[in-house]
Amino acid sequence: MTDRQIPEQYLDGYDRILAEVSATGRRLTRDEIASRRTLGEQAAEAGHGLRALVSAHLTAARRAWPTATGSAEEALAAVQQVVDAFAEGFERAQLLAVRQEEAARREFIDDLLYGRSNLGRLSERAERFGLRLSHAHAVAVAQGTTAYGEGDPVPRRVEQAVIARFGDRSVLLTTKDGRLLCIAPGHQADVLTHFAKQAHAATDGGRVAIGRPQPGPGGVVQSYEEALNALEMAERLDLDEPVLRAADLLVYPVLTRDRQAMADLVQGTLGPLVTARGGAEPLLDTLTAYFDSGCVATEAARRISLSVRALTYRLDRIHKLTGANPADPTHRYTLQTAVIGARLLDWPATDL
């Protein structure tokens with residue numbers, strides 16, 4: 001927008017101020033400065049650009065200059081005061097608008113992820129932020145070693161990397177409870193994959209979980225909860241993968257759906273391990289390493305820094321205490337399922 005397009009209302013009284021100041025040498029009064037700030041706020045709210053507004057003030061000063069009979073120095077000082085006050089008001093209005101936008105965005109995200117707003121109204125608000133909730137969406141959640149807030153350097157860096165690669169693409173990046181979030185249309189898996197890569201690097205090796213695409217206005221919160229559950233399971237199970245997909249971990253929610261049945265399996269199968277010297281934890285770690293290594297004793301021993309002989313002794317001890325042989329395919333599935341259940345239920349640290 002050029003200076004000719006700036007409405008005269010934002011220059012109201014400017015010529016008079018210049019004429020009086022240049023003639024008398026006085027400074028602007030408090031009311032005059034306040035009026036310039038108010039005009040600056042109004043111009044910002046109307047969507048005018050500050051550069052064009054400053055140019056309009058300078059053009060008006062140049063036009064008024066031949067009629068000024070006083071000191072040029074005083075006139076220039078007045079121009080400086082006017083522009084400074086006007087810009088202050090403009091910036092104050094912009095800052096307020098940004099804060100209001102951030103508050104609206106935060107309220108929307110909270111309502112979206114908690115599912116506590118009317119779904120029809122939520123869909124209307126979502127379009128303002130580039131989401132069409134009638135379509136399927138998926139959510140990726142990144143968790144680092146520290147908590148991150150909106151506007152922190154790490155979230156900004158990740159957001160810039162995603163936008164530089166894909167543009168906006170109806171993608172919403174934000175933070176929630178110290179974690180980084182990316183909400184994307186369900187068919188754009190490449191966006192979430194790139195987000196996961198960037199977030200993993202930016203959070204110094206943090207872990208990222210990606211929920212499954214879910215349809216409808218409630219799909220975002222379902223996918224978000226799946227990603228959170230995947231992060232929790234990864235922590236309980238000591239999974240090493242930096243990027244977890246809820247679709248690949250569906251067996252774990254199935255195993256824990258009947259918590260009491262799983263608790264009975266853990267107690268009935270692994271309960272005798274608590275009588276071992278040193279408790280159940282070392283033997284449970286041994287079983288975990290053994291199963292994670294594909295039941296290869298040498299690899300399992302390396303993972304937990306034992307000799308193969310010491311690992312074999314522990315496996316024999318487990319066999320004697322539980323009656324189940326980890327090397328026997330008949331017993332292996334029951335033992336492995338019980339070990340997974342123990343991790344998910346935080347046994348033996350937590351009583352079942």
Side-chain angles (χ1 to χ4, degrees), residues 141 143 145 179 205-212 225-352:
V141 180
Q143 181 171 283
T145 56
R179 304 181 183 95
R207 182 176 282 156
V208 185
I210 302 175
R212 293 178 298 165
E225 289 175 350
E226 283 187 347
L228 290 182
N229 290 336
L231 288 174
E232 183 180 355
M233 283 189 289
E235 186 174 349
R236 288 187 179 276
L237 296 170
D238 295 325
L239 301 179
D240 296 329
E241 291 84 355
V243 180
L244 306 159
R245 297 183 182 275
D248 298 334
L249 303 175
L250 290 177
V251 65
Y252 300 117
V254 171
L255 290 175
T256 56
R257 188 160 295 165
D258 189 338
R259 191 182 188 281
Q260 187 56 54
M262 179 57 74
D264 291 343
L265 175 64
V266 173
Q267 286 278 34
T269 305
L270 303 177
L273 297 183
V274 298
T275 63
R277 181 181 300 175
E281 194 66 39
L283 298 180
L284 194 61
D285 290 342
T286 300
L287 284 173
T288 300
Y290 184 66
F291 292 133
D292 287 349
S293 63
C295 300
V296 177
T298 53
E299 174 60 18
R302 185 192 66 78
R303 291 190 180 198
I304 54 177
S305 302
L306 287 178
S307 66
V308 175
R309 180 177 180 182
L311 180 113
T312 303
Y313 170 79
R314 285 191 180 184
L315 294 177
D316 288 341
R317 185 65 177 153
I318 291 168
H319 186 189
K320 290 177 181 178
L321 288 172
T322 65
N325 183 4
D328 185 340
T330 305
H331 299 160
R332 189 178 301 156
Y333 177 75
T334 299
L335 272 174
Q336 187 168 9
T337 303
V339 168
I340 292 171
R343 293 300 186 194
L344 291 173
L345 299 178
D346 197 28
W347 183 87
T350 301
D351 293 333
L352 301 179

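We count residues from 1, following the sequence as given.
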Inset, instruction - May I ask you to test the Ile304-Leu311 pair for a side-chain heavy-atom distance under 4.5 Å? - result: yes
Legend entry - Which atom of Ala324 lies closest to which atom of Pro326, heavy atoms considered: O-CD, 3.4 Å
Legend entry - Heavy-atom check, side chain of Arg212 versus side chain of Leu250, under 4.5 Å: yes
Inset, instruction - Identify the two heavy atoms, one from Tyr252 and one from Met233, that lie closest to each other, and give their separation to 0.1 Å. - result: CB-SD, 3.1 Å
Inset, instruction - Ignoring hydrogens and angles, tell me if any N or O in the side chain of Arg245 forms a donor-acceptor pair with the backbone of Ala209 under 3.5 Å. - result: no
Legend entry - Separation between CG of Leu321 and CG of Asp316, rounded to the nearest 0.5 Å: 11.0 Å
Inset, instruction - Walk me through it: do Gln143 and Arg207 pass the test side-chain hydrogen bond (donor to acceptor under 3.5 Å, both in side chains)? - result: CA-CA 5 Å; Gln143 181 171 283; Arg207 182 176 282 156; over 6 Å; no
Legend entry - Close side-chain approach of Thr269 and Thr334, heavy atoms under 4.5 Å: yes
Inset, instruction - Report yes if the side chains of Leu306 and Arg314 come closer than 4.5 Å at any heavy-atom pair, otherwise no. - result: yes
Legend entry - Asp285 and Arg343 ion-paired at < 4.0 Å: yes
Legend entry - Side-chain heavy atoms of Arg179 within contact of Leu228, under 4.5 Å: yes
Inset, instruction - Determine the minimum heavy-atom distance between Ala327 and Arg332, stating which atoms define it. - result: O-NH2, 3.1 Å
Inset, instruction - Measure the CG-CG distance between Asp238 and Asp292 for me, rounded to the nearest 0.5 Å. - result: 9.0 Å
Legend entry - Side chain to side chain, Leu273 and Ile318, heavy atoms closer than 4.5 Å: yes
Inset, instruction - Would you give the length of the straight line joining atom CZ of Arg303 to atom OG1 of Thr298, rounded to the nearest 0.5 angstrom? - result: 10.5 Å
Legend entry - Worked check of side chain to side chain contact (heavy atoms under 4.5 Å, CB included) between Leu270 and Leu335: CA-CA 8 Å; Leu270 303 177; Leu335 272 174; 3.9 Å; yes
Inset, instruction - For the residue pair Glu225 and Asn229, confirm or rule out a side-chain donor-acceptor distance under 3.5 Å. - result: no
Legend entry - 4.5 Å side-chain heavy-atom contact, Val251 and Ile340: no
Inset, instruction - Could you tell me which non-hydrogen atom of Gly323 sits nearest to which non-hydrogen atom of His331, and how far apart they are? - result: O-CE1, 3.9 Å
Legend entry - Backbone N/O of Tyr290 and side chain of Ser293: donor-acceptor pair under 3.5 Å: yes
Inset, instruction - To the nearest 0.5 angstrom, please state how far the OG1 atom of Thr286 sits from the CD atom of Glu281. - result: 10.0 Å
Inset, instruction - For the residue pair Met262 and Leu344, establish whether any side-chain heavy-atom pair is separated by less than 4.5 Å. - result: no
